Enquirer: 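Let me give you the structure first, and then I'll get to my questions.
Every value quoted in this text rests on a predicted model; they were computed, and no experiment measured them. We name chains A, B, ... by the order of the sequence lines, and we start the count at 1 in each one.
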Amino acid sequence: MMAGCRVQDPQVSGWLLDPADSSSCFRDLLNKHCKEPYKEPAVGTQKSQGLWELYSDMELNMIPVLAAMESHHIHVDKDALKRTSDLLGTEMKHLEQEAHREAGQMFLVTSSSQLRTVLFEKLRLHERCENKKLPKTVNKQQQSTSEAALLQLQDLHPLPKIILEYRQLHKIKSTFVDGILSCMTNKNYISSTWLQTSAVTGRISAKQPNFQALPRQPVQITKKQHVQGKDEEVVTVHPRSMFVPPEGWSFLAADFCQVELRLLAHLSADPELLRIFTSPEADVFTMLASQWKGVSEDQVTTRDREHAKRIVYSVVYGAGRERLSEILGVSVAQAGQFQDRFLQTYGEVQAFIHKTVRQSRERGYVLSIMGRRRALPNISCPVWGVRMQAERQAVNFVVQGSAADLCKTAMIRIFNLASSSSSSGSLSPRLIAQLHDELLFEVEDSQLEQFAALVKSTMESLQHIHHLGVHLKRQAPYARAGVQRHATLCIALCVLQLVGRRA
DNA sequence: CTTACCTTC
DNA sequence: TCTAGAAGGTAAG
């Protein structure tokens, strides 16, 4: 019933025209976009700036998709969640006691300021590592207690490691276990609220709960047996596994691998980056992690891979040497060397960044691959810091916004295919959630194979970027050059995964 | 770089 | 005593 609805949505059109402005009430929109109040087709006339097609072909089509996701109930094993909450609670108590013992005093382990006092005023750890650069807090220039700082300190004293472990558990418990539980008072299911117009880059977001922030990897906890110091029990906590499909159904996850990096390869036409993606089995971040750490690819841990991923995105999106040195855990000079080497290796990526910045300065805005637009009023600001931020936003928007375009297109196509075939009685899968580059479905077991094939082919068909419709016509020259040189690109590699299948 | 969410102060 | 909002931290990409 929702699939047939066709409405206009001024909030969505207002957002497309200026995604950074969150003014949302109808009066504000009229004042902002209409010269005379009460002019019927306010959007889509002279002020649409090429956004009308994006609006009517993509964003309006998203509305029923999001409505379907939002009205769907995802059932949760509430008891398992409560057990996990208790387990994490007792484990955190133990870590808290350990922290107090190592500090030689009681303090609130969740408080960064109290921790700062203990680490730097009582233990004076910073005096014992003058060769290392300890990060400072942004505003007050105090000693930071951030993850990067604690990693630097962990060889000097047992406390930093304990705090790191405590924070990991605390995060999981408060946000992903208790947080989910608080979203389901008087019910045993959740359904997130999906927001279409909250992200400037065109991505969708979710709240209550923030489904997109649920950890992808399970977390290993070594449960310390304080009573009998015999063997340590290892427990894995995975919030996603708390979701249960109905009897006879399974969850199917369909994942675009490294969309943003693939899009960057496409947009920049960088031969080195493209080469990495030509072998379909290769995992870029695992490859890069093995290169940096100097170990073989099967020695790379999940944490190494995540680390490599952070590094790559930081460099690409314009992190400075200082920031990079924090992430890498090396000196600023070394971070600078690393950065230079990276941008030299992927020279066309650097050229793409420069070109994007230059064009955004000339036009005052940037465009994604399908013509999504972001105005950058600060791109020529005389204040250096402000201008640099706008430059980073420009580059980030082109890649992240294009990834959003691609993922939304996939959602709409699959959703429409599924609902049209379900009316003829053959398929009845449900789209449950979008996690940026991953689509999560609930599928009847008998239809799994057929639907998986449909999803995979639909998502991979998006690699023929030049088939994505008329949107590319108006595109920036770099996008067109990329398309012509690499007509069929390995942009949309899709990996399918069964999650939480019923026995 | 972008989001959302949690805690402390 | 209460609360709104800033700051710091973490998760996801």
Enquirer: Taking it one step at a time, do Ser402(A) and Asp405(A) satisfy side-chain hydrogen bond (donor to acceptor under 3.5 Å, both in side chains)?
Expert: CA-CA 5 Å; Ser402(A) 299; Asp405(A) 293 347; 4.8 Å; no
Enquirer: To the side chain of His170(A), which of dC1(B), dT7(B), dT8(B) is closest?
Expert: dT7(B)
Enquirer: Looking at Ser198(A), does any N or O in its side chain come under 4.0 Å of the phosphate oxygens OP1/OP2 on dT3(B)?
Expert: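 False: Ser198(A) side-chain N/O out of range (4.0 Å or more) of dT3(B) OP1/OP2.
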Enquirer: Between Lys173(A) and Ser85(A), do the side chains contain a donor N or O and an acceptor N or O under 3.5 Å apart?
Expert: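 A pair is found: one side chain offers a donor N or O, the other an acceptor, under 3.5 Å apart.
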Enquirer: Does any donor atom in the side chain of Gln212(A) or His436(A) lie under 3.5 Å from an acceptor atom in the other side chain?
Expert: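 A pair is found: one side chain offers a donor N or O, the other an acceptor, under 3.5 Å apart.
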Enquirer: Go through dG13(C), dT8(B), dA11(C) for me and flag the one nearest to the Leu108(A) side chain.
Expert: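 Among the listed nucleotides, the one closest to the side chain of Leu108(A) is dT8(B).
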Enquirer: Could you tell me the separation between the CG atom of Leu115(A) and the P atom of dG8(C), rounded to a whole number of Å?
Expert: 14 Å
Enquirer: Walk me through it: do Tyr365(A) and Phe397(A) pass the test ring-ring contact (aromatic ring centres under 6.0 Å, His included)?
Expert: CA-CA 10 Å; Tyr365(A) 62 87; Phe397(A) 178 88; over 10 Å; no
Enquirer: Nearest whole Å is fine: how far is dA11(C) C1' from Leu164(A) CG?
Expert: 15 Å
Enquirer: When you measure from the side chain of Asn210(A), which nucleotide among dG9(C), dC1(B), dA4(B) comes out closest?
Expert: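 That would be dA4(B).
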Enquirer: Just checking Tyr313(A) against Phe285(A), ring centres under 6.0 Å apart?
Expert: yes
Enquirer: For Val316(A), which contact category applies under a 4.0 Å heavy-atom criterion: base, sugar-phosphate, or nothing?
Expert: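 It contacts nothing in the nucleic acid.
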Enquirer: Under 4.0 Å between any heavy atoms, over every strand shown, what does Ala319(A) touch: base, sugar-phosphate, or nothing? Just pick one.
Expert: nothing
Enquirer: If I take atom CG in residue Leu150(A) and atom P in nucleotide dG9(C), what distance separates them, rounded to the nearest angstrom?
Expert: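 After rounding, the gap between these two atoms is 9 Å.
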Enquirer: Give a yes/no answer on whether the side chain of Ser205(A) brings an N or O atom under 4.0 Å of OP1 or OP2 in dA4(B).
Expert: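 The answer is yes; a side-chain N or O of Ser205(A) sits under 4.0 Å from OP1 or OP2.
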Enquirer: Look at the side-chain N and O atoms of Arg203(A) and state whether any lies under 4.0 Å from the OP1 or OP2 oxygen of dT3(B).
Expert: no
Enquirer: Going by heavy atoms closer than 4.0 Å, what residues in residues 172-193 of chain A are next to DNA chain B?
Expert: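 Going residue by residue through residues 172-193 of chain A, the ones with a heavy atom under 4.0 Å of DNA chain B turn out to be Ser174(A), Thr175(A).
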Enquirer: Output the single nucleotide from dC1(B), dA11(C), dT8(B) whose closest atom is nearest the side chain of Gln400(A).
Expert: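 Closest nucleotide to the Gln400(A) side chain: dC1(B).
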Enquirer: Is there a side-chain contact between Lys309(A) and the phosphate of dG13(C), meaning an N or O under 4.0 Å from OP1 or OP2?
Expert: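 The answer is yes; a side-chain N or O of Lys309(A) sits under 4.0 Å from OP1 or OP2.
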Enquirer: With a cut-off of less than 4.0 Å, is there a side-chain N or O of Thr145(A) near OP1 or OP2 of dG8(C)?
Expert: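 Indeed not, no polar side-chain atom of Thr145(A) lies that close.
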Enquirer: So Lys207(A), base contact, sugar-phosphate only, or nothing? Heavy-atom distance under 4.0 Å.
Expert: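 Sugar-phosphate only.
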Enquirer: Taking the six-membered ring for Trp and the full ring for Phe, Tyr or His, determine whether the centres of His100(A) and Phe107(A) are under 6.0 Å apart.
Expert: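 Ring centroids of His100(A) and Phe107(A) are less than 6.0 Å from each other.
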Enquirer: Calculate the interatomic distance between Glu260(A) atom CD and dC1(B) atom C1'; express it in whole Å.
Expert: 9 Å
Enquirer: Verify the contact: side-chain N or O of Gln168(A) to OP1 or OP2 of dA11(C), cut-off strictly under 4.0 Å; return yes or no.
Expert: no
Enquirer: Please determine, for the side chain of Asn396(A), which listed nucleotide (dT10(C), dT8(B), dG13(C)) has the closest atom?
Expert: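 So the side chain of Asn396(A) is nearest to dG13(C).
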